[in-house]
Number of protein chains: 2
Amino acid sequence: MTNNTKDNGVPTLADVANYANVSTATVSRCLNSPERVGGNTRKRVMKAVRDLGYAPNFGAQALAARQTNTVAAVIPTMENAVFARGLQAFQEELGRHGKTLLVASSAYNAELEEQQVRALVARGADGILLIGYDRTPEIYEFLAKQKVPTLIAWSFNPEEPRPAVGFNNRAAMADLARQVIGQGHENIACISAPTASNDRARERVEGIRDAKAKAGQDPKNLTVIETPYGIETGETAFRQVMTNAPQTTAIMCVNDVLAVGALRAAREMGMKVPNDISVTGFDDIEIATLAEPPLTTVHVPHREMGRCAADMLIQILKGDLIGHNLELATEIRIRQSLGPAPH
Amino acid sequence: MTNNTKDNGVPTLADVANYANVSTATVSRCLNSPERVGGNTRKRVMKAVRDLGYAPNFGAQALAARQTNTVAAVIPTMENAVFARGLQAFQEELGRHGKTLLVASSAYNAELEEQQVRALVARGADGILLIGYDRTPEIYEFLAKQKVPTLIAWSFNPEEPRPAVGFNNRAAMADLARQVIGQGHENIACISAPTASNDRARERVEGIRDAKAKAGQDPKNLTVIETPYGIETGETAFRQVMTNAPQTTAIMCVNDVLAVGALRAAREMGMKVPNDISVTGFDDIEIATLAEPPLTTVHVPHREMGRCAADMLIQILKGDLIGHNLELATEIRIRQSLGPAPH
DNA sequence: TTGTATGCGTTATCAG
DNA sequence: CTGATAACGCATACAA
């Protein structure tokens, strides 16, 4: 009666060891590196494991092994299809490597993001994925202090030392703007997400200015409306643009959802797209092709980004520091929502 | 020099205790039940926590507290907006209660789902959310053996003893079918997701049969095409229907995405909706209103479902067994894609 | 190949 | 209100 095995509750390593007449170390080895144990004992141990229905205790395992095989991601919201898509690919790839995904969302709120990051780290995330570079230094400091490897997605800037997988938001939008300008548009407006703590949006707006400057237009002369994500907000913003700057002939939106809202507002106002006004988006999600007329936009490889992010983070966790920075290519998709400027 | 504090590595409770000149017990109390500690010491401790950037070690916490405050969900895929939306709300509500979300996806594959469930449980999930009732008994047995509380979402069947939050898929679709039949349609076809291990889809198809029977039509006389999720697959299925059953005047799809595909195919084939043929969807996601013409569909309160699921699971984890079953109401949204049957 | 012993960072029990 | 101290279940360096 002097064994340390409790007959109630779930079986532990000690129970298995006891049952199989070996030490706990042997059982542990049997489970984690079976090749380091005798075929005979192994069989006995495995039988014990099955007989007792043993499953390792996660907390204990994490505590002793100093890792959880869990990776976290904080995204603005899963309701935005681009993040849902990227996250799905991220999770799939993680799963292939035996890692599990922990998720939280920030609702585009910096303060909330910090909370989420802390919570996730507290939940034992081995590594973490964040969207874009912009955030308070506190978060980065915390992550550094906690030694949690961090990967940025959706943005790519060779100047930034931080590991990232993404694309050049600014250049991509500039490319698109060049197309717009090429159609003769001189009065361009932009509907953007709030740029305050969102480098993706900010860079896209800057991209338009870049293209204007290069085309000899005044980069300052750009009407910009900032508004939260959504079709309705896009509609409202469109109306606002047409009020503030009625001479506008092309509206470039920083994402497809806002653009769809703009399209809808245009129709309601009796304006023909692209005859009266051109509209462009960014992301190339499904509604871009569904929209009426179909949306000219920038195609972003969201799935690939998610997959690559997983691979990179896994590399980083392994201590391989190669390929710490990955730029993905985007592609302009010209569709009917862009046409020549009305003279 | 006899303290047990290591100056390298991440700060631990002991470090904080040391820094604040209190015992580890006090720090722990400070963090977990602040009311049980003196205001003065509390302040000192909290400062130490901030100064050191302390975060509790998850493994240790889980081991000592015997719970992870982590809840898991296995959904078919986040790329389906309905799940993304529900999951987002689920996560938000979980977060409000200090719980973190662990996610995996099954890709509508039963075998994969079982793997994911096992992995998530192995990661210490305190409870788990699953979509629909249909799955192998092995999963349910495993969950029972591991004593992991499980909640079903998206389906609701009073006959099922299992805790669930969802809606009556069958009745909802029957309601919609009644509307269709009320428009004079007698040759109805259905484009469904694979029904083999998907009770939601199966019930929706049955709902159509129910309505037909009640209207005096032969419930067996229903063309059903099963196809995976997607706009393209919806297109293909539509063509197949028109080949197999050219007399069809209304096509009811088990989700909006398939319906949008059907709409597109109809247009390509030169058929006018709803003049030549009516099309209906299910879910009422954004594309339903964006579609041309807007889709008649069943509105499902995805966000509310996610939020309620979180609340219920939390109740269950607390040991409160009340309200174990929750039925949510759906609502028919009549839009232009449904019209009278051509004579 | 196998066993022994120790440490992992918290929580919780019990004294003080 | 606060401090020792004993679990918690597993992994692993070190011995045998």
Side-chain angles (χ1 to χ4, degrees), chain A residues 3-46 48-49 52-69 121-124 126 146-147, chain B residues 2-6 8-46 48-49 52-70 122-124 146:
Chain A
N3 69 39
N4 58 353
T5 306
K6 314 169 305 301
D7 44 14
N8 67 327
V10 298
T12 70
L13 249 206
D15 294 320
V16 177
N18 210 287
Y19 186 97
N21 263 312
V22 294
S23 73
T24 60
T26 299
V27 178
S28 177
R29 271 189 295 258
C30 228
L31 263 24
N32 300 312
S33 37
E35 72 281 3
R36 304 185 54 85
V37 87
N40 232 321
T41 23
R42 177 166 53 211
K43 244 182 229 165
R44 215 164 64 247
V45 171
M46 287 320 213
V49 167
L52 271 46
Y54 168 79
N57 175 289
F58 180 65
Q61 208 166 25
L63 182 56
R66 295 140 174 289
Q67 67 162 13
T68 60
N69 282 320
V121 169
R123 289 289 178 282
D126 289 336
Q146 294 286 330
K147 297 201 188 359
Chain B
T2 56
N3 70 41
N4 57 353
T5 305
K6 313 168 307 301
N8 66 329
V10 302
T12 70
L13 250 205
D15 294 319
V16 177
N18 209 288
Y19 187 97
N21 264 312
V22 295
S23 71
T24 60
T26 298
V27 179
S28 178
R29 271 190 295 260
C30 228
L31 264 23
N32 299 313
S33 37
E35 72 282 2
R36 303 185 55 83
V37 87
N40 233 323
T41 17
R42 179 167 53 212
K43 243 182 233 168
R44 215 166 64 248
V45 170
M46 287 321 211
V49 166
L52 270 45
Y54 167 80
N57 175 288
F58 177 69
Q61 208 166 26
L63 182 56
R66 292 141 180 287
Q67 66 164 11
T68 60
N69 281 320
T70 285
R123 290 285 180 280
Q146 296 285 328

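In the text below, chain A, chain B and the rest are named by the order of the sequence lines, each starting its count at 1.
- The nearest whole Å value for the distance from the CG atom in N32(A) to the P atom in dG9(D) is 17 Å.
- Within 4.0 Å (heavy atoms only), V27(A) reaches no atom of the nucleic acid at all.
- One finds a side-chain N or O of T26(B) lying less than 4.0 angstrom from the OP1 or OP2 phosphate oxygen of dG3(D).
- Between dG9(D) and T12(A), no contact under 4.0 Å exists linking OP1 or OP2 to a side-chain N or O.
- Protein atom CG of L13(B) is 9 Å distant from nucleotide atom C1' of dT11(C), rounded to whole Å.
- Considering only heavy atoms from C-beta on, T70(B) stays 4.5 Å or farther from R123(B) through its side chain.
- Contact of the L31(A) side chain with the Y54(A) side chain is registered, since non-hydrogen atoms from C-beta on lie closer than 4.5 Å.
- Here dC10(D) presents its P atom at 15 Å from CZ of R29(A), a figure rounded to the nearest Å.
- Residue contacts for A55(B): at a heavy-atom cut-off of 4.0 Å it reaches the sugar-phosphate backbone alone, with no base atom in range.
- Both S23(B) and A60(B) sit near DNA chain D, but only S23(B) has its closest nucleotide nearer the 5' end.
- If you take CG of N18(A) and P of dG9(D), they are 14 Å apart, rounded to a whole angstrom.
- Nucleotide dA11(D) holds its P atom 7 Å from the CG atom of L31(A), rounded to whole Å.
- Heavy atoms only, all atoms of each residue included: P11(B) and G53(B) are closest at CG-O, 3.7 Å.
- Put simply, CG on N57(B) is 14 Å from C1' on dA11(D), counting in whole angstrom units.
- The residue Y54(A) sits close only to the backbone: its heavy atoms come under 4.0 Å of sugar-phosphate atoms, none of a base.
- Remark on DNA chain D: of its neighbouring residues R42(B) and A64(B), the 5'-side contact belongs to R42(B), judged by nearest-heavy-atom nucleotide.
- Two residues, V37(A) and Q61(B), neighbour DNA chain C, and the one matched to the more 5' nucleotide by heavy-atom proximity is V37(A).
- Look at CG on L52(A): it is 15 Å from C1' on dG9(D), rounded to the nearest Å.
- At the heavy-atom level, R66(B) lies under 4.0 Å from the strands shown only through sugar-phosphate atoms.
- When the P atom of dT11(C) is taken as reference, atom CG of L63(A) falls 12 Å away, rounded to whole Å.
- At the phosphate of dT2(D), OP1 or OP2 sits under 4.0 Å from a side-chain N or O atom of T41(B).
- Looking only at side-chain heavy atoms (C-beta outward), S28(B) and L13(B) come within less than 4.5 Å of each other.
- Under a 3.5 Å cut-off, the side chain of R42(A) and the backbone N or O of P34(A) do form a donor-acceptor pair.
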